[in-house]
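Here, residue 1 is the first one in the sequence, and each next residue gets the next number. Side-chain atoms are counted along with the backbone in the values below, which use heavy atoms only and exclude waters and symmetry mates.
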Amino acid sequence: MGAQKKQNSSFVKQAGILAAAGIICRIIGLLYRSPLTGIIGETGNGYYAPAYRYYQMILLISSYSIPAAVSKVISQRLAVHQYKNAQRIFHCSIIYVVVVGGAASLFAFFGADFLIPGRAAMVLRTLAPTIFFSGLLGVLRGYFQANKSMVQTSVSQILEQILNAAVSMLAAWALMQIFAKEDDLTCSAWGAVGSAVGTGVGVLVALAFMLMIYQMNKGVIRRRLERDRSTDLLGTKEIFKIILFMVTPVLLSTFAYNASALINQTLYLNLMQSVHGASYEEITVINGIYDTEAVGLSNIPIAIASAMASAILPSIAGSFETKNKKDVNKKIGVAIKTIMFLAIPAAVGMTVLARPIVWVLYNTNADSITLGGRLLAALGLSIVFYSLSTLSNSILQAVGQASRPVTNAVIALAVQTAVAGLLLGFTELGIYSLPVAVTVYSLLMCLLNGHYVRKTTGYRQEIVTTFFLPIWAALIMGIAVAGIYYGLAFLLPEGYFGNLVSLAAAVVAGALVYFAAALKLGAMTKKELLGIPKGAMVVRFAEKLRLL
């Protein structure tokens, strides 16, 4: 029993480490885009954006699902102490990404002019080698995640993002100085190339770090292999079948998720022009505010769920492989409760403080800030649903139902497309139709995934402490932060600085109010708090305040 509690505590802590890294990376990403835009200008962004979209699409097809796939199949072998088979899977995974990633890189490099005619093609060619190195990086991250250690992945992610930000700005500035005598369009294109160089350098540095860590652990790996007396070794052909069986559903599920945003954007741009007679320039700007400001910010708390999903997949896969159904359900319950404890207040906080948050991070004109704030608030509920559906995707993959999230995603995608089309075509909601459609999509994914998790594992969701109590605590917090923010904003001088101080005070106070209310209501117990990163320190703090 004690060992099981220790395992449950361990994966929550590992998820916390990965979540912290994910949030740090997203914040760095938000902060450096503004000065980079100042260097390369809107024209440079115009060259970089389409090239990066194609880069992401090719990366998605070739390498994106590798960490999850490697993590799952290796963790299943480690759970039954088949270290030789685990190592064979690792080696075959490297071969897989060398072949697939190499082919994808060559396609992006030589097909750039066909995919994106004009100067943006040179940006895609610059990004092409990064596709290959990203695959290798993904295998190494998946290997360490399978060993239930997220520190290496977390550090590599932060290193990648820091180098990406620093080199992107430096290389963009340097190349624009070198080509300053060229016409403005060519100069801006080289600035975009500099930004692409930063992406590649970030991945290369992260890969070098992961290779160094793997080399440092070779002694431990060798000793494990020597202890393994397994005779039932997997053949190369069988391993590749296992990898493909795991990679394909994860790939299709991720593709469906990304297709949701692409379909919504296409419907919005087309229907607003054809039905409502809006100008292309106007709706493009509005769509940019929605995509960059509202969606970008709403994805930050969802990063916590993504981290939990990465951490829970190998842990549940191991328990499922050993047919320990009770442990599987225990881990599912802990993961869902932890995610809801964090996602619910994040959703409420972003809804209540949407405009001040957008103002602090995107200090543009008043109309853009207001629109961005309203759109972020409209996405508030989807934060909870996306967090839960992201987690349930990984749970289904871990228990051998990897194809189920794909089917669910296709159903949800069809419904949300119909909703978006009807709202855009027959109402005056305009861009606000998209948050509604996104919320419908994420809700359906929650319901469908939840049904199959219950059907496959027999898991029964606890409602009161997982959902109701965090919601009550978050509502109390929402009232408090609204009062603090607007009270201070009224007293302080109007402007950016007044908004920044008011927002900072409201966020700090809101975190304390939610923490106190949640503990007083009984949303988290002392034992559960001890399972999170720095849990002992949190418990001591709570006990001093007599909250426990």
Review item, side-chain donor-acceptor pairs of residues 506-517, under 3.5 Å, at least two apart:
residue: Y514; atom: OH; partner: F341; partner atom: O; Å: 2.7

Find the distance between [atom1] ([X]) and [atom2] ([Y]) and round it off to the nearest 0.5 Å.
X    : Y    : atom1 : atom2 : value
F133 : S105 : CZ    : OG    : 8.0 Å
S368 : W359 : OG    : CH2   : 13.5 Å
I431 : S433 : CD1   : OG    : 8.0 Å
M210 : T153 : CE    : OG1   : 4.5 Å
L388 : I395 : CG    : CD1   : 8.0 Å
L429 : L434 : CG    : CG    : 10.0 Å

Sequence neighbours excluded, the answer for salt bridge (charged side-chain N to carboxylate O under 4.0 Å, His left out) partners of R404 is none
Can you tell if the side chain of [X] reaches within under 4.5 Å of the side chain of [Y], non-hydrogen atoms only?
X    : Y    : answer
L371 : I286 : yes
T351 : V348 : no
L475 : I479 : no
Y441 : I263 : no

Sorted by chain and residue number, the side-chain hydrogen bond (donor to acceptor under 3.5 Å, both in side chains) partners of Y290 (sequence neighbours excluded) come out as none
#### Entry: Verdict with supporting geometry, E160 and L137, side-chain contact (heavy atoms from CB on, under 4.5 Å)
CA-CA 11 Å; E160 178 185 348; L137 177 59; 3.9 Å; yes
Margin query: For a side-chain contact (heavy atoms from CB on, under 4.5 Å) check, start with the C-alpha distance between V410 and L413, then their side-chain angles and the critical distance, and finish with the verdict.
Written below: CA-CA 5 Å; V410 171; L413 189 60; 5.5 Å; no
Dump the intermediate steps for side-chain contact (heavy atoms from CB on, under 4.5 Å) on S93 and I89, then the final yes or no.
CA-CA 6 Å; S93 299; I89 292 169; 4.1 Å; yes
I336 and Q461 have their tightest heavy-atom pair at CD1-OE1, 3.3 Å
(Q) Run N264 and Q416 through side-chain contact (heavy atoms from CB on, under 4.5 Å) and show every step you take. (A) CA-CA 9 Å; N264 285 344; Q416 76 99 50; 3.0 Å; yes
**Message:** Counting only heavy atoms from other residues, nucleotides and ligands, does the tally under 6.0 Å from OH of Y96 exceed 12?
**Reply:** yes
Side chain to side chain contact (heavy atoms under 4.5 Å, CB included) test vs Y386 passes for just one of T439, V438, L391, L443, namely V438
